[in-house]
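In what follows, a structure is listed as structure tokens, so that the remarks can point back to it.
Residue indices begin at 1 and follow the sequence shown. Please read these numbers as outputs of a predicted model, since none were measured by experiment. Every heavy atom of this structure was used, including side-chain atoms; hydrogens, water molecules and symmetry mates were not.
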Amino acid sequence: MKKFIIEDSFWDIFPEASIGIITVHGIDNHIKAENRYQPLLETAEKKGLSWLTHDDFASNSVIAVWREAFTRFKKKKGVRSSIEALLKRVSQGKHLGTINPLVDIYNSISLSYALPVGGEDIDKFEGNIRLTLADGTEPFITLGSNESEPPKEGEVVYKDDAGAICRCWNWRESVRTMLTEEAANVFLCIECVDPERKEILTEAVNALKELAVRELGGTAEAAFLDKEHREVVID
């Protein structure tokens with residue numbers, strides 16, 4: 001039995017955070033038609049732009065709240081949240097390319113609701129997965145690199161017994177657990193640090209759960225974690 005556990009060290013910094021978790025078992029994530037999800041992404045890009053109501057990119061609340069959050073822990077210089085990276089791209093008129101079905105689906109949800117969304121292969125986890133502060137020794141190799149770049153001590157990370165899974169909370173993920181076409185059992189998370197957006201978080205989780213099962217099959221369960229509910233069984 002594997003669990004997702006959010007440790008006290010995280011809640012000490014982000015007591016107001018909420019994390020939506022979806023576990024989907026038995027999906028078929030193989031690419032059956034190239035660019036099948038491009039229209040979905042393009043629609044999501046337009047929805048994403050609707051959240052940017054200020055000309056000054058950083059002044060938009062969906063950006064500002066994450067920039068503030070990233071000042072609360074040690075991190076690599078210049079890193080930004082995953083939702084800022086997506087919205088920055090589309091605000092510059094650049095389209096998202098397709099990757100694989102589930103990644104395309106969760107990117108569409110991320111843009112549509114202006115929340116960070118991530119996904120990993122449960123079968124690649126070693127032991128429980130934890131959202132916590134790094135001790136600075138966790139192995140971490142990201143896409144496009146052959147060398148381990150461990151997180152800083154005190155950096156917010158997802159990690160398991162084998163090392164870091166995602167650095168700087170939701171900035172960059174490890175190739176070890178990333179979603180590929182072969183993934184059958186998956187862990188999806190949507191993160192919220194703004195208490196006023198909890199209803200949006202709920203909508204996003206429900207939309208992702210429904211869309212993933214409808215498109216890829218399998219069975220899904222959702223859970224919401226907060227300071228009072230800190231762990232959930234995922235496998």
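Side-chain N/O atoms of N170 and E191 include a donor and acceptor closer than 3.5 Å.
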Kindly indicate, with the supporting measurements, whether the criterion salt bridge (charged side-chain N to carboxylate O under 4.0 Å, His left out) is fulfilled by E210 and R214. CA-CA 6 Å; E210 178 182 347; R214 186 173 76 226; 3.5 Å; yes
Show your reasoning for whether salt bridge (charged side-chain N to carboxylate O under 4.0 Å, His left out) applies to E149 and K76. CA-CA 11 Å; E149 299 180 57; K76 187 173 181 177; 3.7 Å; yes
Under the salt bridge (charged side-chain N to carboxylate O under 4.0 Å, His left out) rule, what do K94 and E45 come out as? Steps first, then yes or no, please.
CA-CA 9 Å; K94 301 174 183 176; E45 288 170 4; over 6 Å; no
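With hydrophobic clusters built from ILVMFWY side chains whose heavy atoms lie under 4.5 angstrom apart, L96 shares a cluster with I190. Residue I13 is grouped with residue V79 when hydrophobic side chains (ILVMFWY) are merged at heavy-atom distances under 4.5 angstrom, including chains of intermediate members.
If you take CG on L225 and CD1 on I19, they are separated by 8.0 Å, rounding to the nearest 0.5 Å.
Pairs engaging residues 26-48 under the ring-ring contact (aromatic ring centres under 6.0 Å, His included) rule: none recorded [sequence neighbours left out].
Ion pair R72/E16 flagged as a salt bridge, since at least one NZ, NE, NH1 or NH2 atom sits closer than 4.0 Å to an Asp/Glu carboxylate oxygen. With respect to E155 and K74, no salt bridge is recorded, no charged nitrogen being found less than 4.0 Å from a carboxylate O. Ion pair K198/D226 not flagged as a salt bridge, since none of the NZ, NE, NH1 or NH2 atoms sits closer than 4.0 Å to an Asp/Glu carboxylate oxygen.
For D55, the CG atom sits in a loose shell: 12 or fewer heavy atoms of surrounding residues, nucleotides or ligands are nearer than 6.0 Å. Summarising the local packing, CD of E7 is surrounded by more than 12 heavy atoms from other residues, nucleotides or ligands at distances under 6.0 Å. No more than 12 heavy atoms of other residues, nucleotides or ligands lie within 6.0 Å of CD in E196, so this atom counts as exposed by the packing criterion.
The heavy-atom pair separating S110 from P116 by the smallest distance is OG-CA, 4.1 Å. The minimum heavy-atom distance linking I63 with A58 is given by the pair CG2-CA, 4.2 Å.
Taking the six-membered ring where tryptophan is involved, the planes of W169 and W66 are perpendicular, since the angle between them exceeds 60° and thus also 30°.
I27 has its side chain within reach of V186: a pair of non-hydrogen atoms, C-beta onward, lies under 4.5 Å apart.
Remark: of the listed residues K124, R130, R176, K2, R176 is the sole one forming a salt bridge (charged side-chain N to carboxylate O under 4.0 Å, His left out) with D160. When each of D235, I122, N128, I234 is paired with F4, the side chain to side chain contact (heavy atoms under 4.5 Å, CB included) condition holds for I234 and for no other.
A search for ring-ring contact (aromatic ring centres under 6.0 Å, His included) contacts involving F73 returns F70, not counting sequence neighbours.
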